[in-house]
Number of protein chains: 2
Amino acid sequence: MKENKFLAIYNEIVQAIEEGTYKRNTKLPSENELVASYGTSRETIRKALTLLAQNGYIQKVKGKGSFVLDMKRFDFPVSGLTSFKEVTEKMGKASTTIVYEVSTIYPDEYLQQHLQVTKKDSIWKVYRSRKIDGEKIIFDKDYFHQKYIPYLSKEICEHSIYDYIEQELNLKISFAKKEILVEEATKEDQIYLDLKEYPYVVVVKNFVYLDDASLFQYTESRHRLDKFRFVDFARRAR
Amino acid sequence: MKENKFLAIYNEIVQAIEEGTYKRNTKLPSENELVASYGTSRETIRKALTLLAQNGYIQKVKGKGSFVLDMKRFDFPVSGLTSFKEVTEKMGKASTTIVYEVSTIYPDEYLQQHLQVTKKDSIWKVYRSRKIDGEKIIFDKDYFHQKYIPYLSKEICEHSIYDYIEQELNLKISFAKKEILVEEATKEDQIYLDLKEYPYVVVVKNFVYLDDASLFQYTESRHRLDKFRFVDFARRAR
DNA sequence: GAGTGGTCTAGACCACATA
DNA sequence: ATGTGGTCTAGACCACTCG
């Protein structure tokens, strides 16, 4: 049980907010009170509170206190840096993943650029659809550098690749650059999505980096546009 | 000249990175070296570096050092919490704002919900189009609580409302919740956008909050879908 | 004036990386 | 063994809010 103090405090307060122990639009105990009740230094309490503020749980107001915010934080299909599995679990949605292909390829020009690799590097290619409420809504094209992921199987892709990467391979996913735009639907989209009559898809391009800042994954998530929704919480840059 | 130390250090390093004084994929001086050269405590240096990491400028690696990241951070039309003016200025794009309407209204049901007001609260309604390279690409519908913004004019709306709010009125914009989805184009869209044949628009709904966590603005930015692009940098939640 | 959060310090110990 | 970033402490002073 060796968790950082400030993280433990953060998690405890998150839980208290989500359970309603700390109610929306009320004040959290003051920093000094938290210092007393947790028996830590003030900076440690402040670290936990800063994290809460960054993630949209509270708003700190000088001279007044920390207020619990009324953001519904768990209603977004794509945001921050969370996997499909994590998101659907939080929403409590019934969903299925269909794996069409798990293969080794050598990258074409487009992929060489997006994954920053050469044509000699072998790459995992994974094609999956996500079914929600009986409809194939999302079509994911994943590409992984085999340097980091030596083994991959259909079974792993049906569950959560992220779980496998973080827990089995013990790689640390650190940050991502996400790009959202709209493209005309391709033949592939028509095959792997229940596209209906929609002539466009929303494309989320995701560049995922490890701990040491190496790019190890490029993903294109292609969404049926009527089902696409992205929610973001952002603080104003200082 | 009373700027926080850690902010001053942050800004100095940002500038050094953007100017190329600190080159991409190289190491920043270590924390101890920065402590020495800035003559501050280590925690203050760390505060500046943490901000740099959060904003995607550097990656900190335990035992190694802080590396300058190779994200092109200034190529996004909509991200974080920045105004249209700020974004186009950073991109160096020629753009024009056309103001169609600046008026006082009382909110309908939809607005009452989105701005969290009653039908007795008077609201500023602002309709604007954004022209880039000669085409009306974005149609902005802004609604402001008059409680916070007593006066508004066409001139202000043609420049930057945010500048006015922050510098003249001295209100502090703190955070926002952003929602992105796709909707069918309305008659209004056809009037205020050079829509071409596109039957859909990308809608960015923006809920903007002040310092004290009060909701003071609701904006709907309606984008022609072929010109829409959103880039986001996100770190994995701890 | 008392209470709140914001900044800053000087020092300690730890975990990790590198040679 | 040394250098790096990560966590934590105890205490100080400041700016802001509110009665």
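Chain naming here is simple, since letters A, B, ... match the order of the sequence lines and numbering starts at 1 in each.
Looking only at atom types and distance, the side chain of B:R128 has no donor-acceptor partner in the side chain of B:T97 under 3.5 Å away.
Look at CG on B:L34: it is 16 Å from P on D:dG3, rounded to the nearest Å. The distance from atom NZ of B:K27 to atom P of C:dA17 is 13 Å, rounded to the nearest whole Å. Counting to the nearest Å, the P atom of D:dG5 and the CG atom of A:D211 are 14 Å from each other. Protein atom CD of B:Q59 is 15 Å distant from nucleotide atom C1' of C:dC16, rounded to whole Å. For the pair B:D212 CG and D:dC16 P, the computed distance is 15 Å after rounding to whole Å. Rounded to whole Å, atom P of D:dG5 lies 8 Å from atom CG of B:L49. The nearest whole Å value for the distance from the NZ atom in A:K60 to the P atom in D:dA15 is 18 Å.
Along DNA chain D, the nucleotide closest to B:K172 and the one closest to B:N32 are compared, and the more 5′ of them pairs with B:N32.
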Report all interatomic pairs (protein N or O, nucleotide N or O of nucleotides 17-19 of chain D) with separations under 3.5 Å.
unit_1	atom_1	unit_2	atom_2	d
D:dC18	OP1	A:K64	NZ	3.3

Pick out the pairs of N or O atoms, protein on one side and nucleotides 7-9 of chain D on the other, that lie under 3.5 Å.
unit_1	atom_1	unit_2	atom_2	d
D:dT7	OP1	A:N4	ND2	3.3
D:dC8	OP1	A:K5	N	2.5
D:dC8	OP2	A:F6	N	3.3
D:dC8	N4	B:E43	OE2	2.2
D:dT9	OP1	A:K5	NZ	2.7
D:dT9	OP2	A:S41	N	2.8
D:dT9	OP2	A:S41	OG	3.0
D:dT9	OP2	A:T44	OG1	2.7

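Listed by chain and number, the residues in a side chain to side chain donor-acceptor pair (under 3.5 Å) with A:E12 are A:Y38 (sequence neighbours excluded). The side chain to side chain contact (heavy atoms under 4.5 Å, CB included) check on A:V35 picks up A:R42, A:I45, with sequence neighbours excluded. The side chain to side chain donor-acceptor pair (under 3.5 Å) check on B:Y164 picks up nothing, with sequence neighbours excluded. Partners of B:K154 under the side chain to side chain contact (heavy atoms under 4.5 Å, CB included) rule, at least two apart in sequence or in another chain, are B:V99, B:E158. Residues satisfying the side chain to side chain donor-acceptor pair (under 3.5 Å) criterion with B:S37, sequence neighbours excluded, are absent altogether. Under the side chain to side chain donor-acceptor pair (under 3.5 Å) criterion, A:E109 pairs with no residue at all, not counting sequence neighbours.
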Distance-only donor-acceptor pairs under 3.5 Å for side chains of residues 61-69 of chain B, two or more places apart:
none

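For the pair B:S30 and D:dT4, the criterion of a side-chain N or O lying under 4.0 Å from OP1 or OP2 is met.
Classification of the B:Y143-B:Y127 ring pair by plane angle, with boundaries at 30° and 60°, yields perpendicular.
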